[in-house]
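Notes follow the structure.
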Amino acid sequence: MAYWLLKTEPESYSWDQQVKKGAKGEAWTGVRNFTARDHLKAMKTGDRAFFYHTGDEKQVVGIVEVIKEAYPDATDEKGVFVCVDIKAVEPLPTPVTLAQVKADPKLKEMVLARQPRLSVQPVTADEWKTVCRMGGLKA
DNA sequence: GCCAACGTTGGC
DNA sequence: GCCAACGTTGGC
């Protein structure tokens, strides 16, 4: 199983909205970046991802699971980009902020700390465990 | 609100 | 196919 990180602005699509979709999940659309698209295509059903809020929050707020692998993004009229479906798994008891990630020696190599603009990022197993523990989960 | 970094686009 | 210009994003 692989791990990922999905970025969103809470003003446009938030963790709370994702939770309300429940088990049937929601399509993660709107990606318009080729690197991010490649990551979306690499996702498999059952993969897990951090749900990260940008803007004023800049923190990982929850965990989601991929429930449908990449298919054409209906919001992209040119048909070159894709989306996946995800469902909320659980929130982090304590959100992990960008500042914490940058301050932790084990996490400062994370794509999140190095390329904050990339909207879909890979996360290593070690980074996954570390962030989960910091967030109050056993992982 | 500003600035830096990055990705994309278009001209050559 | 390369490179410069431009626009967008996101952190501070």
Side-chain angles (χ1 to χ4, degrees):
Chain A
M1 165 158 70
Y3 300 105
W4 310 93
L5 182 144
L6 298 170
K7 267 189 330 137
T8 179
E9 297 188 33
E11 290 81 9
S12 55
Y13 189 68
S14 71
W15 170 253
D16 285 344
Q17 287 173 270
Q18 180 66 48
V19 169
K20 284 178 187 160
K21 300 294 179 182
K24 69 175 163 59
E26 175 76 349
W28 187 268
T29 58
V31 169
R32 295 294 182 271
N33 172 290
F34 294 114
T35 305
R37 182 192 66 171
D38 290 344
H39 291 319
L40 286 177
K41 285 182 171 177
M43 290 185 187
K44 303 292 182 192
T45 302
D47 279 357
R48 300 239 161 157
F50 288 129
F51 198 101
Y52 176 84
H53 277 176
T54 56
D56 291 339
E57 296 189 32
K58 294 189 290 292
Q59 59 189 5
V60 177
V61 294
I63 290 171
V64 296
E65 181 176 319
V66 177
I67 56 175
K68 185 175 180 184
E69 293 175 19
Y71 60 97
D73 183 343
T75 69
D76 173 29
E77 67 282 356
K78 289 181 181 173
V80 297
F81 291 101
V82 300
C83 59
V84 297
D85 284 0
I86 57 171
K87 69 170 183 182
V89 176
E90 59 185 340
L92 289 190
T94 308
V96 176
T97 67
L98 179 62
Q100 283 177 277
V101 168
K102 288 187 168 178
D104 192 306
K106 291 193 297 296
L107 296 178
K108 67 179 181 186
E109 296 299 316
M110 267 186 86
V111 179
L112 181 63
R114 296 153 60 105
Q115 265 183 275
R117 292 187 49 190
L118 185 57
S119 56
V120 181
Q121 313 179 356
V123 174
T124 69
D126 282 347
E127 289 162 355
W128 182 267
K129 286 181 198 163
T130 302
V131 173
C132 284
R133 287 203 194 97
M134 288 169 71
L137 295 174
K138 296 172 196 165

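Quick note on labels: first sequence line is chain A, next is B, and so on, each numbered from 1.
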Point to revise | A/Thr75 side chain to A/Arg32 side chain, donor-acceptor N/O pair below 3.5 angstrom | key: yes
**Study point:** Between A/Ser12 and A/Glu9: side-chain donor-acceptor atoms closer than 3.5 Å
**Key:** no
Exercise for review: Assign the ring pair A/Phe51 / A/Trp15 to parallel, tilted or perpendicular, where the plane angle (0 to 90°) is split at 30° and 60°.
Suggested key: perpendicular
Atom pairs, N/O to N/O, protein against nucleotides 2-6 of chain C, distance under 3.5 Å?
none

Practice item. Output yes when A/Arg37 and A/Asp73 qualify as a salt bridge under the 4.0 Å nitrogen-oxygen rule, no when they do not. Key: no
Review point. Is the closest basic N to carboxylate O distance between A/Arg114 and A/Glu109 below 4.0 Å?
Key: yes
Review point. What heavy-atom pair brings A/Asn33 and A/Phe81 nearest, and what distance separates the two atoms?
Key: N-CE2, 3.4 Å
Review point. For A/Asn33 and C/dG7, what is the distance between atoms CG and C1' respectively, to the nearest whole Å?
Key: 14 Å
**Study point:** A/Val66, A/Thr8, A/Asp85 screened by side-chain contact (heavy atoms from CB on, under 4.5 Å) with A/Trp28, the one that passes
**Key:** A/Thr8
Check your understanding: Given atom CD of A/Gln121 and atom P of B/dG7, what is their separation to the nearest angstrom?
Key -> 11 Å
Practice item. Could you point out which residue of A/Lys106, A/Met110, A/Glu127 forms a side-chain contact (heavy atoms from CB on, under 4.5 Å) with A/Val101? Key: A/Met110
Can you check nucleotides 9-11 of chain C for protein contacts, nitrogen or oxygen pairs under 3.5 Å, and list what you find?
{"from": "C/dT9", "atom 1": "O4'", "to": "A/Arg117", "atom 2": "NH2", "distance (Å)": "3.3"}
{"from": "C/dT9", "atom 1": "O2", "to": "A/Arg117", "atom 2": "NE", "distance (Å)": "3.4"}
{"from": "C/dG10", "atom 1": "OP1", "to": "A/Lys7", "atom 2": "NZ", "distance (Å)": "2.3"}

